[in-house]
Amino acid sequence: MSTESQLPAELARVRAAHQGAISPQRPTPTAALPDGRTLRLDRSRWDGPLDPAELAWCRANGVEVAYDCAQIGWVIAGCPDDEALATADAPRDAMSDPEAEAWQLRTRRIAADSANAPDAGHDAMLRDFAARRGVRAASGLHLALALDRARRATAASARNEPPTPTAAAFTYRPWAADDAPTYRALLDNPRLWQYLPEPFPTPLTEALARTLIEVGTIPGRQETHAVLHEGRPVGQALLRFDAPFVGVRAAEVAYWLGEAHWGKGWMTRILTDFLALSFAAHRLDVVYAWIHDDNRASARVAERCGLGPDPFPLAAELAHSLQRPRFHRFVRYRRER
């Protein structure tokens, strides 16, 4: 990494904080950005490169930054590395034990990949990790390893390219309580629910529709959007955010259209737009969708939008743990430019 430095004396405490002078028992060193976001000054390099606002703040306030060729972007100089996290005395105060162990396994796997070692141990490593730490933790490690491969690929496939928005035929906004009659009319259809993981809530009253809207708009780890065509809701697209694990920002995407709009080719255009917006707005590394094994139409939409079947060796166990035994995960990775 190549470094640059600006050293105003009044920010010596901030620099000392991100360089480790603050002990693990003290609060995590953070900075408030002008746009209201919080920047962690002890973030790992594998949390991804600094975005323009974060980089501008660091340069303006004397926090040393370095260009990281692996991340293809600027990171905070001296930030924790995967190699440091693999050592016995690695800083672990910000990580759970499963994540600390996953960092170590990820580092070893990357080293083996770099040495062009056979990948025969990949599945065995994940199965062993799952036996001790749980299949969901193993799934997070699998996504991290697959993301590393996607980033290092010399000839990335179209699947790894960020999607390009189409012409603006559709818009997106949160559902509102006033949408309840339209929401109920769109969803009150057992044919639409046959491939959704949740059971059909019959009777789907307007009051229940209003409750579902309220639940979907609670801020947190989910964003639910009405899909509008010519100003009228025609379907839904949502993101469910995973907690970051081993430096990977992942989210599940789910989508549906009212039956009156099936067969028009709309969903491919909608998902293309929604993925483009989601990758950009949330700096996601991975987006995935759970698709029923009988829902070939949804699988074709996913594939046209660059998602492909995930080869996770514990896919069946993961689906079972999520109560989705007949669903398969399709994934898409962001390629760093």
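These numbers come from the heavy atoms of this one structure, side chains and all, not from hydrogens, waters or symmetry mates.
Remark: T182 OG1 to R232 CZ distance equals 6.0 Å, nearest 0.5 Å. Interatomic distance, R109 CZ to R149 CZ, rounded to the nearest 0.5 Å: 6.5 Å. L147 CG to Y333 OH: the interatomic distance, rounded to the nearest 0.5 Å, is 7.5 Å. Of the inter-residue distances, the one linking W290 atom CH2 with L196 atom CG reads 15.5 Å to the nearest 0.5 angstrom. In this structure, the separation between CG on D51 and CG on L33 is 7.5 Å, given to the nearest 0.5 Å. Rounding to the nearest 0.5 angstrom, the gap separating the CG atom in D123 from the CG atom in L314 is 8.0 Å.
Contact check for F330 versus V301: no side-chain heavy atoms found under the 4.5 Å cut-off. A heavy-atom distance below 4.5 Å is found between the side chains of R249 and R283. Using a 4.5 Å cut-off on side-chain heavy atoms (C-beta onward), H282 and E223 make contact. Within the 4.5 Å cutoff, side-chain heavy atoms of T268 are placed close to those of C305. Residues S139 and D310 form no side-chain contact, since every pair of their non-hydrogen atoms from C-beta on lies 4.5 Å or further apart. Side chains of L143 and F245 form no contact here, defined as non-hydrogen atoms less than 4.5 Å apart. In this structure, the side chains of T224 and V215 stay at 4.5 Å or more apart for every pair of heavy atoms. Two residues are said to be in side-chain contact when any heavy atoms from C-beta on lie closer than 4.5 Å; V63 and W57 meet this criterion.
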Residues M125, L141; criterion side-chain contact (heavy atoms from CB on, under 4.5 Å); working and verdict
CA-CA 10 Å; M125 178 194 73; L141 177 57; 4.1 Å; yes

Derivation of the side-chain contact (heavy atoms from CB on, under 4.5 Å) call for H261 and M267:
CA-CA 9 Å; H261 310 294; M267 200 67 245; over 6 Å; no

Working for side-chain contact (heavy atoms from CB on, under 4.5 Å), residues D97 and R133
CA-CA 9 Å; D97 284 345; R133 295 301 192 181; 3.7 Å; yes

Mind running side-chain contact (heavy atoms from CB on, under 4.5 Å) on I270 and Y172 for me, showing each step along the way?
CA-CA 10 Å; I270 290 167; Y172 311 85; 3.9 Å; yes

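In this view, S278 satisfies the side chain to side chain donor-acceptor pair (under 3.5 Å) rule with no residue, not counting sequence neighbours. Remark: R324 pairs with E252 by the salt bridge (charged side-chain N to carboxylate O under 4.0 Å, His left out) rule, at least two apart or across chains. A search for salt bridge (charged side-chain N to carboxylate O under 4.0 Å, His left out) contacts involving E54 returns R37, R43, not counting sequence neighbours. Under the ring pair (Phe, Tyr, Trp, His ring centres under 6.0 Å) criterion, Y195 pairs with H292, sequence neighbours left out. Residues forming a ring pair (Phe, Tyr, Trp, His ring centres under 6.0 Å) with H328 (at least two apart in sequence, or on another chain): none. When the side chain to side chain donor-acceptor pair (under 3.5 Å) test is applied to R127, no partner is found at least two apart in sequence or on another chain. With sequence neighbours left out, D242 forms a salt bridge (charged side-chain N to carboxylate O under 4.0 Å, His left out) with no residue at all. By the ring pair (Phe, Tyr, Trp, His ring centres under 6.0 Å) test, W175 is found to be paired with Y183, residues two or more places apart in sequence or in another chain being considered. The side chain to side chain donor-acceptor pair (under 3.5 Å) check on R184 picks up D188, with sequence neighbours excluded. Listed by chain and residue number, E101, D128 satisfy the salt bridge (charged side-chain N to carboxylate O under 4.0 Å, His left out) test with R132 (two or more places apart in sequence, or in another chain).
For the pair W256 and L186, the tightest heavy-atom approach, listed with the atom from each and the gap, is CZ3-CB, 3.9 Å. Nearest heavy atom pair, residue C58 against residue L50, reads SG-CD1, 4.1 Å. When every heavy atom of A251 is checked against every heavy atom of L239, the shortest pair comes out as CB-CD2, 4.2 Å. Nearest heavy atoms, A237 versus V227: N-CG2, 3.9 Å. S321 and R136 make their closest contact through O-NH2, 3.2 Å (heavy atoms, listed as atom of the first residue, atom of the second, distance). A pairwise comparison of heavy atoms in V135 and F312 identifies O-CZ, 4.1 Å as the closest pair.
The stretch residues 216-239 participates, sequence neighbours left out, in these ring-ring contact (aromatic ring centres under 6.0 Å, His included) pairs: F170-H229, H225-F274, H229-W266. For residues 209-220, every residue pair satisfying the salt bridge (charged side-chain N to carboxylate O under 4.0 Å, His left out) rule, not counting sequence neighbours, is listed here: E206-R210.
Linking Ile, Leu, Val, Met, Phe, Trp and Tyr whenever their side-chain heavy atoms come within less than 4.5 Å puts L277 and L284 in one cluster. Note on I291 and L238: separate hydrophobic clusters, where clusters join Ile, Leu, Val, Met, Phe, Trp and Tyr whose side-chain heavy atoms are under 4.5 Å apart, directly or indirectly. In terms of hydrophobic clustering, with Ile, Leu, Val, Met, Phe, Trp and Tyr side chains grouped at heavy-atom distances under 4.5 Å, W193 and I213 are assigned to a common cluster. Hydrophobic clustering keeps Y255 apart from L228 (ILVMFWY residues linked when any side-chain heavy atoms are closer than 4.5 Å, directly or through intermediates).
A donor-acceptor distance shorter than 3.5 angstrom exists from the side chain of E99 to the backbone of V246, with no hydrogens or angles considered.
Atom CD of Q323 has 12 or fewer neighbouring heavy atoms from other residues, nucleotides or ligands inside a 6.0 Å radius.
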